[in-house]
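Everything quoted here is computed from the prediction, not taken from an experiment. Because only heavy atoms are used, hydrogens play no part in the values below, and waters and symmetry mates are left out as well, while side chains stay in. Within every chain, numbering begins at 1; the chains are lettered A, B, ... in the order of the sequence lines, protein sequences first and strands thereafter.
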2 protein chains.
Amino acid sequence: MSLRYALLALLTAEPLTGYDAAKRFGGSVGHVWHAPDSQIYPELRRMEREGLVEGEQVRWGPNSTKTRYSITEAGIRAFRDWMATPLDYAPVRDAVHMRAAYFEWADPDSARECLRRHIDHYTDQIAQWTAVRDAILDLSNDTIATRVRKYPAEDHERIIAFKAFAYDGLIGRGEAEITWARQGLDLLDKLSSV
Amino acid sequence: MSLRYALLALLTAEPLTGYDAAKRFGGSVGHVWHAPDSQIYPELRRMEREGLVEGEQVRWGPNSTKTRYSITEAGIRAFRDWMATPLDYAPVRDAVHMRAAYFEWADPDSARECLRRHIDHYTDQIAQWTAVRDAILDLSNDTIATRVRKYPAEDHERIIAFKAFAYDGLIGRGEAEITWARQGLDLLDKLSSV
DNA sequence: GCTGAATATCTATCTACATAGATATTTGGT
DNA sequence: ACCAAATATCTATGTAGATAGATATTCAGC
């Protein structure tokens with residue numbers, strides 16, 4: 001169901017085609033909510049049926065058109081309603097931590113590999129998240145620049161601050177993951193040195 | 001697919017009925033991998049067909065039996081193989097961070113509520129995780145006590161250390177979430193005081 | 001002996017999501 | 001004029017998981 005709200009969130013900045021939206025899910029929103037295009041197109045159609053968005057045919061080259069969706073008043077209301085609704089927490093499914101709990105069944109090299117990959121993964125992610133956050137803060141991020149242009153100047157600070165805040169959360173969590181994995185590597189060293 | 005390995009992990013400690021396993025998914029493994037019983041029973045049957053576990057009928061009262069599953073050699077091999085296989089990282093789907101990124105659409109009270117619930121949720125979880133970790137470390141946790149009894153004394157330290165390590169990871173991450181949410185509350189205060 | 005909780009299992013339906021295409025048009029560069 | 005890449009969309013199939021039961025037996029306590 002959150003895909004729907006991710007789409008509405010995108011559309012509060014500007015009208016988009018399904019293709020545009022799908023691209024955003026590779027970057028911006030994609031950092032917090034992933035979705036493949038095969039989920040996006042049908043969801044937009046459903047949302048149109050329910051009046052949350054409005055599709056309009058726009059020219060695309062000389063012989064073709066594409067559908068550009070805009071958020072409707074009802075869509076904005078639905079988004080705000082969602083914002084006021086408590087989230088429920090999805091049950092945990094965490095393969096790395098599960099595996100780590102049973103590392104006595106792995107040979108130490110595999111265990112180390114697993115943790116090193118964990119560190120690499122989050123190092124990588126943190127680099128991306130940090131880059132995006134910084135680009136948001138100095139408005140060199142296009143998506144956010146476009147968004148901000150749509151709203152009065154007195155809102156800009158909040159808009160930017162919340163986006164940066166979300167990224168800070170991802171970064172903080174990533175750092176916790178790395179710290180943990182390093183502790184694991186130390187633990188493996190300690191246990192194998194006996 | 002990880003459900004399968006969670007089950008194998010459980011069965012390396014002792015044979016279990018589907019019902020026993022389902023209960024474990026409410027506690028121990030459930031902290032890292034959740035699954036409802038409606039997934040567990042069929043998965044165990046599938047695993048039996050594939051020779052990873054072996055079901056035996058054991059008496060249950062005077063007029064009934066139940067199926068108790070034990071891990072087979074093939075099951076142990078499959079589990080070890082999985083341990084040596086790199087995990088791939090599931091795409092992110094994080095409703096709270098997504099919502100936080102668009103807090104300009106929430107009224108400040110709802111935003112605060114959302115973050116307070118986040119703090120409550122993880123405070124709660126951390127209390128549980130900490131209790132389990134401590135019970136693991138002093139062997140007052142039954143599941144781990146049973147497990148440890150099955151293996152030679154020189155392995156006990158590792159077995160316990162890895163379980164505690166996994167819980168430390170959950171706790172660390174939970175603390176990061178709380179830190180972040182508190183920052184959010186501060187940010188909301190700052191922005192509303194303007 | 002009765003009753004309610006726990007044990008043990010199975011089913012059925014629905015949605016979300018992953019994966020892997022197919023198809024057609026447009027645009028930018030040689 | 002041609003070709004590759006990008007744009008724009010749609011479909012189909014499969015699995016995982018959420019949700020909500022149905023059913024029968026056993027066990028513990030009164």
Side-chain angles (χ1 to χ4, degrees), chain A residues 1-7 10 15-27 29-30 32-50 53 55-70 87-95 98, chain B residues 1-7 10-11 15-27 29-30 32-50 53 55-70 82 87-95 98:
Chain A
M1 211 33 4
S2 295
L3 170 58
R4 162 162 308 197
Y5 299 104
L7 286 166
L10 282 177
L16 297 170
T17 64
Y19 187 80
D20 292 333
K23 266 192 305 178
R24 299 281 191 291
F25 277 86
V29 227
V32 286
W33 201 271
H34 170 268
D37 71 315
S38 59
Q39 240 192 309
I40 292 166
Y41 285 108
E43 182 64 22
L44 283 169
R45 274 178 271 147
R46 226 167 330 193
M47 288 162 76
E48 175 159 37
R49 258 186 280 123
E50 298 177 34
V53 300
E56 119 207 63
Q57 294 309 116
V58 303
R59 274 255 76 72
W60 175 45
N63 301 305
S64 194
T65 61
K66 56 184 175 178
T67 312
R68 186 167 55 194
Y69 293 94
S70 315
L87 291 171
D88 37 33
Y89 286 78
V92 190
R93 275 193 193 90
D94 185 329
M98 179 187 125
Chain B
M1 207 39 356
S2 294
L3 169 58
R4 163 163 305 196
Y5 299 104
L7 285 167
L10 282 177
L11 293 170
L16 297 170
T17 64
Y19 187 79
D20 293 332
K23 267 193 305 181
R24 300 280 191 292
F25 277 86
V29 228
V32 285
W33 200 271
H34 170 269
D37 70 316
S38 59
Q39 240 192 310
I40 292 166
Y41 286 108
E43 182 63 25
L44 283 168
R45 273 178 271 147
R46 225 167 329 186
M47 287 163 76
E48 175 159 36
R49 258 187 278 122
E50 297 176 35
V53 300
E56 119 206 61
Q57 293 309 117
V58 303
R59 271 257 73 72
W60 175 45
N63 301 305
S64 194
T65 61
K66 56 184 174 177
T67 312
R68 185 165 56 197
Y69 293 94
S70 314
W82 175 72
L87 291 172
D88 36 33
Y89 285 78
V92 189
R93 272 187 197 96
D94 186 328
M98 180 188 124

>> Which is more 5' along DNA chain C, the nucleotide nearest B/Asp37 or the one nearest A/Trp33? Just name the residue.
In response: B/Asp37
Return the value, rounded to whole Å, for the distance between atom [atom1] of [X] and atom [atom2] of [N].
| X | N | atom1 | atom2 | answer |
| --- | --- | --- | --- | --- |
| A/Leu7 | C/dA16 | CG | P | 12 Å |
| A/Lys66 | D/dC10 | NZ | C1' | 17 Å |
| A/Ile40 | C/dC17 | CD1 | P | 11 Å |
| A/Asp94 | D/dA16 | CG | C1' | 17 Å |
| B/Met1 | C/dA18 | CE | P | 16 Å |
| A/Glu43 | D/dT9 | CD | P | 16 Å |
| A/Leu16 | D/dA8 | CG | C1' | 14 Å |
| A/Arg46 | D/dT9 | CZ | P | 16 Å |

>> So does A/Gly30 get a backbone contact from the side chain of A/Arg24, meaning a donor-acceptor N/O pair under 3.5 Å?
In response: no
>> Tell me whether A/Tyr5 contacts the main-chain N or O of B/Ala95 through its side chain, where contact means a donor paired with an acceptor under 3.5 Å.
In response: no
>> So if I take residues 17-24 of chain B and measure heavy-atom distances to DNA chain C, which residues fall below 4.0 Å?
In response: B/Thr17, B/Gly18, B/Tyr19, B/Asp20, B/Lys23
How is [X] classified with respect to the nucleic acid when contacts are heavy atoms under 4.0 Å: base, sugar-phosphate, or nothing?
| X | answer |
| --- | --- |
| A/Thr67 | sugar-phosphate |
| A/Arg45 | sugar-phosphate |
| B/Pro42 | nothing |

> For A/Glu50 and A/Arg45, what are the C-alpha separation, side-chain angles and deciding distance, and is it a salt bridge (Lys or Arg N to Asp or Glu O under 4.0 Å)?
Replying inline: CA-CA 9 Å; A/Glu50 298 177 34; A/Arg45 274 178 271 147; over 6 Å; no
> Roughly how far, to the nearest 0.5 Å, is NZ of A/Lys23 from CG of A/Leu10?
Replying inline: 12.5 Å
>> Within the structure provided, determine whether A/Glu43 and A/Glu48 are in side-chain contact (heavy-atom separation under 4.5 Å).
In response: no
Closest non-hydrogen atom pair, [X] against [Y]:
| X | Y | answer |
| --- | --- | --- |
| B/Ala35 | B/Ile40 | O-CD1, 3.9 Å |
| A/Asp94 | B/Trp33 | N-CE3, 3.4 Å |
| B/Val53 | B/Leu44 | CG2-O, 3.8 Å |

> Is there a side-chain polar atom (N or O) of A/Arg93 under 4.0 Å from OP1 or OP2 of D/dA18?
Replying inline: yes
>> Strictly below 4.0 Å: does B/Gln39 bring a side-chain N or O up to OP1 or OP2 of D/dA16?
In response: no
Would you tabulate the side-chain donor-acceptor contacts of residues 62-69 of chain A under 3.5 Å, counting partners in other chains and residues two or more places apart, or write 'none'?
unit_1, atom_1, unit_2, atom_2, d
A/Thr65, OG1, A/Gln57, NE2, 3.1
A/Thr67, OG1, A/Gln57, OE1, 3.0

>> One character per nucleotide, please: for nucleotides 23-30 of chain C, 5' to 3', B when the base has a protein heavy atom closer than 4.0 Å, S when only the sugar-phosphate does, - otherwise.
In response: --BSS---
